[in-house]
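Let me begin by presenting the structure, written as structure tokens, before commenting on it.
The structure displayed is predicted, hence computed values, not measured ones. Here is the naming used below: chain letters follow the sequence lines, and residue numbers restart at 1 for every chain.
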2 protein chains.
Amino acid sequence: MPEDSLSKVFAALADPTRRDIVARLADGDATVGELAEPYDVSVQAVSKHLKVLEDAGLVTRSRQAQRRPVHLEAEVFDLMEKWIERYRRKAEERYRRLDRVLAELASEDTPHRDEGNAS
Amino acid sequence: MPEDSLSKVFAALADPTRRDIVARLADGDATVGELAEPYDVSVQAVSKHLKVLEDAGLVTRSRQAQRRPVHLEAEVFDLMEKWIERYRRKAEERYRRLDRVLAELASEDTPHRDEGNAS
DNA sequence: CGCGAATTCAACCAGATGGTTGACAACGGC
DNA sequence: GCCGTTGTCAACCATCTGGTTGAATTCGCG
């Protein structure tokens with residue numbers, strides 16, 4: 001049970017339909033019906049998808065008569081990017097360090113002249 | 001569907017244990033046993049997690065005697081960030097535009113045509 | 001050669017997920 | 001005031017997921 005928010009966000013975006021919904025909402029708010037129209041699934045299924053996105057904090061739904069316009073919340077993206085950036089940077093840094101070590105080893109190993117590099 | 005690889009990556013990171021594994025691998029490669037040690041689950045469970053991460057392209061496993069050192073691949077992060085950045089930017093851009101329109105509407109009373117958001 | 005350590009494979013199980021259909025709540029237009 | 005539109009709730013179903021245990025595999029080492 002992913003109670004933590006990052007898990008919910010990643011899980012929400014792990015579904016292609018939901019990612020597509022997010023993509024379309026980036027162009028503007030839309031109602032459930034409008035969102036459901038292009039897909040080959042029931043409106044209920046899309047409503048469920050929206051609930052997942054809402055629980056993840058990716059969208060909000062207001063009330064406008066019997067319609068529920070869906071709105072994309074961009075803030076959550078920051079949460080993800082922060083996480084990703086953190087470990088990407090670490091990994092790259094480590095990679096550069098390793099690269100340097102390998103370069104050193106390579107230059108030492110280069111058999112330009114007789115080297116007795118035993119062990 | 002190249003979209004599907006994105007699904008795998010997001011799904012892989014939707015699990016707290018797997019995110020923690022990624023976090024630890026950012027500090028350096030590790031074996032399955034080492035990775036499993038801090039968690040209260042069997043080594044087999046961790047092995048499964050690693051398979052998920054590997055299928056998502058987040059880690060690679062080499063072979064070193066009977067050990068399988070696990071290595072973090074940072075490239076996949078780019079894929080995610082590209083996706084996120086794209087829609088975050090769009091949403092923010094739209095927000096700024098909306099803001100401007102609202103400001104206009106507020107200052108002059110002239111009713112404009114409805115902007116954007118066709119079906 | 002064979003034991004033991006590291007890891008994966010296989011079968012199984014509980015619970016989450018994504019889809020369906022059917023009923024119902026809320027509201028605007030006649 | 002009713003009716004159709006919009007959306008959610010509920011029950012149900014198949015499949016996926018994350019965990020378990022137990023057996024198999026792959027090696028280094030004495």
Looking at every heavy atom in both B:Leu72 and A:Ala91, which two are closest together, and how far apart are they? CD2-CB, 3.9 Å

Using a cut-off of strictly less than 4.0 Å between a heavy atom of the residue and any atom of DNA chain D, enumerate the qualifying residues of residues 44-52 of chain B by number. B:Gln44, B:Ala45, B:Lys48, B:His49

Is there any salt bridge (Lys or Arg N to Asp or Glu O under 4.0 Å) pair reaching into residues 23-39 of chain B, and which pairs are they, with sequence neighbours excluded? A:Lys90-B:Asp27, A:Arg94-B:Asp29

Give me the atom names and distance for the closest heavy-atom approach of A:Ala30 to A:Leu25. N-CD2, 3.8 Å

A:Asp78: what forms a side chain to side chain donor-acceptor pair (under 3.5 Å) with it, not counting sequence neighbours? B:Arg88

Looking at residues at least two apart in the chain, or sitting in another chain, which of them share a salt bridge (charged side-chain N to carboxylate O under 4.0 Å, His left out) with A:Arg89? A:Glu85

Kindly give the atom pairs (protein nitrogen or oxygen, nucleotide nitrogen or oxygen) under 3.5 Å for nucleotides 25-30 of chain C.
from   : atom 1 : to      : atom 2 : distance (Å)
C:dC27 : O2     : A:Gln66 : NE2    : 3.2

Tell me every residue that passes salt bridge (charged side-chain N to carboxylate O under 4.0 Å, His left out) with A:Lys48, counting only those two or more places apart in sequence or in another chain. none

Looking at residues at least two apart in the chain, or sitting in another chain, which of them share a salt bridge (charged side-chain N to carboxylate O under 4.0 Å, His left out) with A:Arg86? none

Once rounded to the nearest 0.5 Å, what's the spacing between atom CE of A:Met80 and atom CH2 of B:Trp83? 6.5 Å

List the residues meeting side-chain contact (heavy atoms from CB on, under 4.5 Å) with A:Glu93, not counting sequence neighbours, and say none if there are none. A:Arg96, A:Arg97

Residue pairs passing the salt bridge (Lys or Arg N to Asp or Glu O under 4.0 Å) test with at least one member in residues 58-73 of chain B, sequence neighbours excluded, are B:Glu54-B:Arg61

Quick one: on DNA chain C, does B:Val43 or A:Val43 contact a more 5' nucleotide (nearest heavy atom)? B:Val43

Give me the residues of residues 25-39 of chain B where at least one heavy atom lies under 4.0 Å from an atom of DNA chain D, by number, or none. none

Side-chain donor-acceptor contacts of residues 9-23 of chain B below 3.5 Å, not counting sequence neighbours, with atom names and distances?
from    : atom 1 : to      : atom 2 : distance (Å)
B:Asp15 : OD1    : B:Thr17 : N      : 2.8
B:Asp15 : OD1    : B:Arg18 : N      : 3.1
B:Arg18 : NE     : B:Ala12 : O      : 2.7
B:Arg18 : NH1    : B:His49 : ND1    : 3.2
B:Arg18 : NH2    : B:Ala11 : O      : 3.3
B:Arg19 : NH1    : A:Ser7  : OG     : 3.1
B:Arg19 : NH1    : B:Leu13 : O      : 2.8
B:Arg19 : NH2    : A:Asp4  : OD1    : 3.4
B:Arg19 : NH2    : A:Asp4  : OD2    : 2.9
B:Arg19 : NH2    : A:Ser7  : OG     : 3.0
B:Asp20 : OD2    : B:Tyr39 : OH     : 2.6

Just verifying a value: how many Å separate B:Leu79 CG and B:Glu81 CD, rounded to the nearest 0.5 Å? 10.5 Å

Going 5' to 3' on DNA chain D, which nucleotide is the first and which the last to come under 4.0 Å of a heavy atom in chain B? D:dG18 to D:dG28

